[in-house]
Structures are given as structure tokens and as C-alpha cells.
A.B. asks: 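Could you have a look at this structure, given as C-alpha cells, before my questions?
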Amino acid sequence: MKPILFCLSFMIVCGCKNPEKNNTGSENSSTDISAISTKEFTEFKVLDSKYIDQSKLWKVFDEDLAEFSEDLYNRLKPLILEQDIPTIQQHIQDRKLSYENLTKFYLYRIRAFDRENDLSLNAVISLNPNVISEAKQRDIALKNKMRKHPIFGMPILLKDNINTVDMPTTSGAVVFQNNNTKDAYIVERLKDQGALILGKANLSEWAYFFCGDCPSGYSAIGGQTLNPYGRKTIDTGGSSSGSGVAVATNFCVAAVGTETSGSILSPASQNSGVGLKPTVGLLSRSGIVPISSTLDTPGPMAKNVTDTAILLDAMLGFDDKDPKAVNLSATSKDYYEHNLNEQELLNRRFGVFKAMLEDTLYANAISDLKSKGAVIVEIAAEKIELPNFLRLLNLDMKNDLPNYIKASGDPKLTVTSVEDIIVFNKKDSIAMMPYGQSLFEGIAADTATENEFWDIKNTLKTNGKLFFDTPLQRHRLDGILSINNYHAGFAAVAEYPAVTVPMGFTDTGAPKGLTFIGRPLSEAALLSWAYAFEQASKRRIAPKNYN
């Protein structure tokens with residue numbers, strides 16, 4: 001029984017279900033957390049939320065949306081659907097569109113498609129009741145030439161483990177249903193740049209480190225998020241499932257996710273989107289419900305590389321309360337304006353896993369790169385293990401969640417620890433934990449001395465870096481190419497950045513992404529390569545039933 005539970009736990013860590021076996025290029029793929037994520041969930045114990053009152057959710061918008069007709073919605077479609085931020089901003093500058101109507105357009109789509117109908121996706125947990133009035137303010141500010149950043153006036157969804165004063169931060173859990181907080185640091189930065197916080201996106205509860213044998217995209221508060229490319233047949237990816245689905249379905253301009261190991265890369269790739277997992281410390285983690293202060297990071301998710309780069313830039317800032325914060329004073333911060341160039345692949349050297357070339361989509365993506373002048377070097381995965389990965393998460397969360405509650409949670413919260421939450425959930429196990437809470441129970445049971453914990457972290461980081469640094473140095477590579485989040489575990493413990501870009505669809509219609517992995521603080525290079533590949537391939541297709 002213990003080995004089964006161990007494997008299930010590792011499946012949750014990865015945050016994605018991949019049907020392929022031994023897809024990492026490693027002869028010993030059991031050491032790669034991503035490689036054992038093979039379980040497909042096509043039947044669910046719970047679909048709809050028992051805690052979201054649709055009439056209450058929309059009542060505050062009824063008056064403002066009363067005059068937003070279907071005819072106006074259809075006239076705005078070509079200006080907004082699948083368009084990038086610079087294009088939308090140009091339409092607003094040309095007075096073909098306003099920030100108010102842009103916001104109403106997304107609210108219209110969320111109300112039409114997200115819940116309680118045959119196409120429902122359960123991607124959005126809550127909406128900012130002030131967002132329309134804030135959009136009107138942006139229109140006034142634009143007339144006064146107050147726009148300073150491309151993110152200005154753009155409606156953004158936040159994964160619901162990111163604090164904002166506008167809505168509770170639930171992490172998908174009933175015990176946090178009324179967790180009213182101040183803004184997280186990255187939310188302060190977004191608001192400073194003029195972004196509109198549209199609402200909160202559903203997620204795998206507690207960022208997919210809670211239930212064990214459960215589908216990605218499920219939370220007690222938000223219900224079961226479904227993939228627009230295959231409702232109930234294609235996995236959403238986790239844990240930023242709502243963010244990935246909402247972006248894919250044009251419920252927002254872009255969204256913010258979080259990743260510990262694969263939780264941005266997985267849902268972005270599973271929903272034909274772009275997702276960037278930054279170097280740990282590049283973006284602040286303050287005010288975000290944690291799993292691991294060692295590995296956690298927020299990151300941008302969008303339909304295209306341009307918007308991903310713009311959203312990344314808008315969240316930047318040095319947070320002296322985050323012990324891993326990176327001060328970029330001496331580092332280039334230009335991620336979009338002068339960075340995105342279709343010629344950036346010329347003579348760049350990329351390592352590709354030979355065993356993965358059997359994947360047709362991956363092989364085709366490599367051909368696209370070659371056509372733009374990239375140099376491809378076939379490599380075999382290093383035979384390196386990641387021992388005690390699960391224990392790292394257990395031991396971090398055991399300390400980090402209480403620290404979050406004390407420093408950033410609502411003072412009225414009645415729980416202070418993982419153990420308290422376990423007891424709380426048992427009051428109504430069917431409603432609050434229909435799939436159990438085995439990972440939380442594992443956290444409660446795990447202990448280590450300070451030296452043991454230090455050794456676990458050092459070993460994992462050393463091994464993760466060796467997995468990438470060995471081929472990078474041996475073959476003088478600029479980066480390494482993977483699929484979806486297949487190597488997310490190694491990137492996580494190395495604390496290296498990665499970006500995934502759509503590379504097509506399988507025979508069953510499931511999206512897949514080409515994932516670029518690079519050295520620390522190489523985000524500008526990663527985004528430039530991703531952009532060049534995106535322009536050469538153009539493999540994203542919007543989900544057909546939502547247009």
C-alpha cells in the first residue's frame with residue numbers, strides 16, 4: 001500500500017497527467033516526478049460548486065450589464081477574441097473600444113459559458129464587484145494620458161491562492177471561504193501599473209497538495225474545472241487549472257498562476273496557452289498561500305508570448321519581505337518591448353531528448369526551430385534522482401502555511417495549522433474533502449531535524465542543477481527543450497525558469513506545449529526563443545465551442 005500512496009503523492013506534485021510512458025528521455029523515468037503522472041481522470045465525484053451562489057455573484061453586475069447586448073458583444077468579438085495586448089490597446093487608442101466595454105465583454109463571456117450550462121467550465125471562483133467602475137476610471141485616465149504600461153486597463157484573473165483586497169482568497173478550501181486579506185505584493189504591482197483585477201480563477205485545492213487521489217482542477221469552493229478542448233475527456237492540468245482554462249477560453253486578457261512543480265507549465269500546455277515559470281525569487285511570493293517557500297513562484301499565463309512578457313514585466317519589483325527576492329537593479333528587465341524578435345533562434349543551440357523525438361508534435365516543433373536557424377543537439381537525460389522531493393514539500397508547507405496565516409491571512413481565521421484544517425474538514429467530509437485529504441495527513445505526520453531538512457534541500461537543488469547543467473556545459477547549449485511539464489520536477493528543485501508554448505494537438509485533440517528551460521534569470525532569452533517559435537509555428541487554436 002505504501003508504494004501506491006507514494007506514487008499517487010508524486011502524481012499530485014507534478015500537477016499533470018501525461019499518458020505517455022518513459023517520456024522524459026530518461027532510462028530511469030521513475031526518478032522524474034513528471035514521468036509517473038499517468039492517471040487520467042474522466043469521471044468525477046463532484047462537478048459543480050456547492051458554495052458559489054450564481055445569483056449573488058452576478059447581482060452586483062446586473063444593472064451595468066443590462067445594456068451590454070448580444071449585438072454589441074458580437075460587434076466587439078473581432079476586436080478582442082484571440083487578440084494580444086498591443087492590438088487591444090491600439091483599438092482603445094483608436095476609440096473602437098473602451099476599457100469599460102472590454103471588461104463587460106469578458107464578464108459577458110464568463111456569465112454565458114462558465115457555469116450551469118452544457119458548456120460550463122467552472123474556471124472562475126469569484127469576480128471583483130468594483131471592476132466595471134474601475135474600468136470606467138481607466139477610460140478617464142487614458143484621456144488624461146496616464147497610461148504608462150501596456151497592462152493598463154487590461155482585465156486580469158488571479159489564481160485563488162493570491163491575496164487581493166477585492167475578494168476572499170480561498171485556495172479552493174472551505175476553511176478559507178472568508179479569508180479577506182490585503183493585496184499580495186504582485187497584485188500591488190499590477191494595480192500600480194493600472195491593471196484591472198477581474199476576478200479569481202479556480203485551482204486544484206491547496207495548489208494540488210491536498211487530496212492525493214483526486215483530479216486536477218477540483219476544489220471544494222470552485223468545483224471541477226473542465227478543459228474547453230474536451231470537457232470531461234481532456235485533463236485541465238493543475239494546479240493553476242482555472243487560470244489556464246480561463247485564458248484559453250478568452251475569459252480575460254491574461255491570468256496569474258503559481259507553480260511549485262509544473263503547476264503553470266501543465267495547465268498552460270494542456271489548454272494550448274503560454275505559461276512562464278520564472279526563476280524562483282524573480283517575482284514576489286508575499287501574500288500567496290504557499291506550499292513551499294523553497295520552490296514556489298507566481299508566473300504569467302496568456303494566449304501568446306507577447307502578453308506573457310507584458311504581464312511578467314508588470315509584476316516585477318523587489319520585495320524585501322521575500323527572502324529569495326532577486327534585485328534586478330543590475331539586470332535587464334526588458335521582456336517585451338525590445339526583446340521579442342523572430343530572428344532570435346538563429347545559431348541558438350538547444351538540447352533535445354532523443355527518446356522524446358518519437359513524439360510527432362515534438363519532432364515537428366524541432367523542425368520548426370531548425371527552419372529558423374536553431375542548432376539541435378540530441379541528448380540523453382542524466383540518470384539523476386530527486387530523493388525526498390515529497391518530504392521537502394511536506395516540511396515546507398508544515399511551516400509555511402502557518403506563517404502565511406499569521407502574516408497574510410484574515411485575522412478572523414479559526415485555524416492556525418495543517419492539523420487544524422484536517423480537523424475542520426472532518427466536520428463535513430463529503431462537502432469539504434470528497435477525495436480525502438491524504439497529502440495533508442502526510443504533512444502532519446512528517447518530521448525532520450533542521451540538519452535533515454537542510455540536507456534534503458541541498459541534495460535536491462544540487463541534483464536538479466546537475467540534470468540541466470551537465471548537458472548545457474558539455475554541449476555548450478543555450479537551453480533545453482521538453483514537452484509540457486515533463487521535466488518540471490528538475491526545473492523546480494534547480495529553481496530554473498521555463499516557458500511553454502503551444503506546439504499542436506494529439507490525435508485525441510489534447511493540446512501539447514514545447515517547453516524551453518534555461519539558466520537562472522534567463523527569462524528574457526526564454527521569451528525571445530518562445531516568441532520566435534510561436535511566430536514560426538502558430539500552433540494555437542482557440543477552443544471551437546467558445547467562439
A.B. asks: So which of L276, T297, L328 actually passes side-chain contact (heavy atoms from CB on, under 4.5 Å) with L282?
C.D. replies: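 In the set L276, T297, L328, the residue that makes a side-chain contact (heavy atoms from CB on, under 4.5 Å) with L282 is L328.
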
A.B. asks: Assert yes or no for the condition that the ring centre distance of Y362 to F353 is strictly below 6.0 Å.
C.D. replies: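 So the answer is no for these two rings.
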
A.B. asks: Can you classify the ring geometry of F516 versus F350 as parallel (below 30°), tilted (30 to 60°) or perpendicular (above 60°)?
C.D. replies: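 F516 and F350: perpendicular rings.
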
A.B. asks: Are K159 and S243 close enough, and set up right, to give a side-chain hydrogen bond (donor to acceptor under 3.5 Å, both in side chains), and what steps lead you there?
C.D. replies: CA-CA 6 Å; K159 184 177 179 178; S243 298; over 6 Å; no

A.B. asks: Report the C-alpha distance between K324 and E495 in whole Å, list the side-chain angles of each, state the deciding distance to 0.1 Å, and finish with yes or no for salt bridge (charged side-chain N to carboxylate O under 4.0 Å, His left out).
C.D. replies: CA-CA 11 Å; K324 288 208 169 189; E495 303 179 29; 2.7 Å; yes

A.B. asks: Side chain of R540, backbone of A248: donor and acceptor closer than 3.5 Å?
C.D. replies: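 Side chain of R540 to backbone of A248, a donor-acceptor pair under 3.5 Å: yes, one is there.
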
A.B. asks: Under the side-chain contact (heavy atoms from CB on, under 4.5 Å) test against T258, which residue among N161, V289, L158 passes?
C.D. replies: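 So, applying the side-chain contact (heavy atoms from CB on, under 4.5 Å) to T258 and each of N161, V289, L158, only N161 qualifies.
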
A.B. asks: Distance alone, cut at 3.5 Å: any donor-acceptor contact between the side chains of E205 and S171?
C.D. replies: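 No, no side-chain donor-acceptor pair sits under 3.5 Å.
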
A.B. asks: Describe, in one word, how the ring planes of Y99 and F152 are oriented to each other, choosing from parallel (under 30°), tilted (30 to 60°) and perpendicular (over 60°).
C.D. replies: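 Perpendicular.
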
A.B. asks: What pairs meet the side-chain hydrogen bond (donor to acceptor under 3.5 Å, both in side chains) rule with one or both residues in residues 468-478, with sequence neighbours excluded?
C.D. replies: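 Found E382-R474, D469-Y496.
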
A.B. asks: Is there a donor-acceptor contact under 3.5 Å linking the side chains of D307 and N304?
C.D. replies: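 Yes, side-chain donor-acceptor contact under 3.5 Å.
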
A.B. asks: Measuring centre to centre across the rings, with the benzene-like ring taken for any Trp, is Y218 within less than 6.0 Å of F44?
C.D. replies: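 No, they do not, as the ring centres are separated by 6.0 Å or more.
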
A.B. asks: Kindly say whether L265 contributes a backbone atom to a donor-acceptor pair with the side chain of N485 at under 3.5 angstrom?
C.D. replies: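 Not a single qualifying donor-acceptor pair exists.
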
A.B. asks: Indicate whether any N or O donor in one side chain lies under 3.5 Å from an N or O acceptor in the other, for N202 and T225.
C.D. replies: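 Distance-only check passes for N202 and T225.
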
A.B. asks: Take K372 and D368 through the test salt bridge (charged side-chain N to carboxylate O under 4.0 Å, His left out) and record every step on the way to the result.
C.D. replies: CA-CA 7 Å; K372 292 298 179 179; D368 290 332; over 6 Å; no

A.B. asks: Would you please indicate yes or no on a ring centroid separation below 6.0 angstrom for H487 and F467?
C.D. replies: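 When the ring centroids of F467 and H487 are compared, they turn out to be within the sub-6.0 Å range.
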
A.B. asks: Quick check on N547: does its CG atom have over 12 non-hydrogen neighbours (other residues, nucleotides or ligands) under 6.0 Å away?
C.D. replies: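 Buried by this count: over 12 neighbours within 6.0 Å.
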
A.B. asks: If we only count heavy atoms from C-beta on, is the R115 to N122 side-chain gap below 4.5 Å?
C.D. replies: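 A side-chain contact under 4.5 Å exists here.
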
A.B. asks: Would S239 and S263 satisfy side-chain hydrogen bond (donor to acceptor under 3.5 Å, both in side chains), going step by step from the backbone distance to the final call?
C.D. replies: CA-CA 5 Å; S239 64; S263 290; 3.3 Å; yes

A.B. asks: Is it true that, when you exclude E82 itself, more than 12 heavy atoms of the residues, nucleotides or ligands shown sit nearer than 6.0 Å to its CD?
C.D. replies: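 Yes, CD of E82 has more than 12 neighbouring heavy atoms, counting only those of other groups under 6.0 Å.
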
A.B. asks: Using the six-membered ring wherever Trp is involved, compare the ring planes of F113 and F251 and label them parallel, tilted or perpendicular (cut-offs 30° and 60°).
C.D. replies: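 The rings of F113 and F251 lie parallel, inter-plane angle below 30°.
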
A.B. asks: Please say whether more than 12 non-hydrogen atoms of neighbouring residues, nucleotides or ligands are located less than 6.0 Å from NZ in K191.
C.D. replies: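 Yes.
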
A.B. asks: Using the rule given for salt bridge (charged side-chain N to carboxylate O under 4.0 Å, His left out), can you reason through R109 versus D114, listing the C-alpha separation, both sets of side-chain angles and the distance that settles it, and then say yes or no?
C.D. replies: CA-CA 8 Å; R109 284 182 63 79; D114 197 44; over 6 Å; no

A.B. asks: Determine, for K538 against E534, whether the closest basic-nitrogen to carboxylate-oxygen distance falls under 4.0 angstrom.
C.D. replies: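 Salt bridge: no.
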
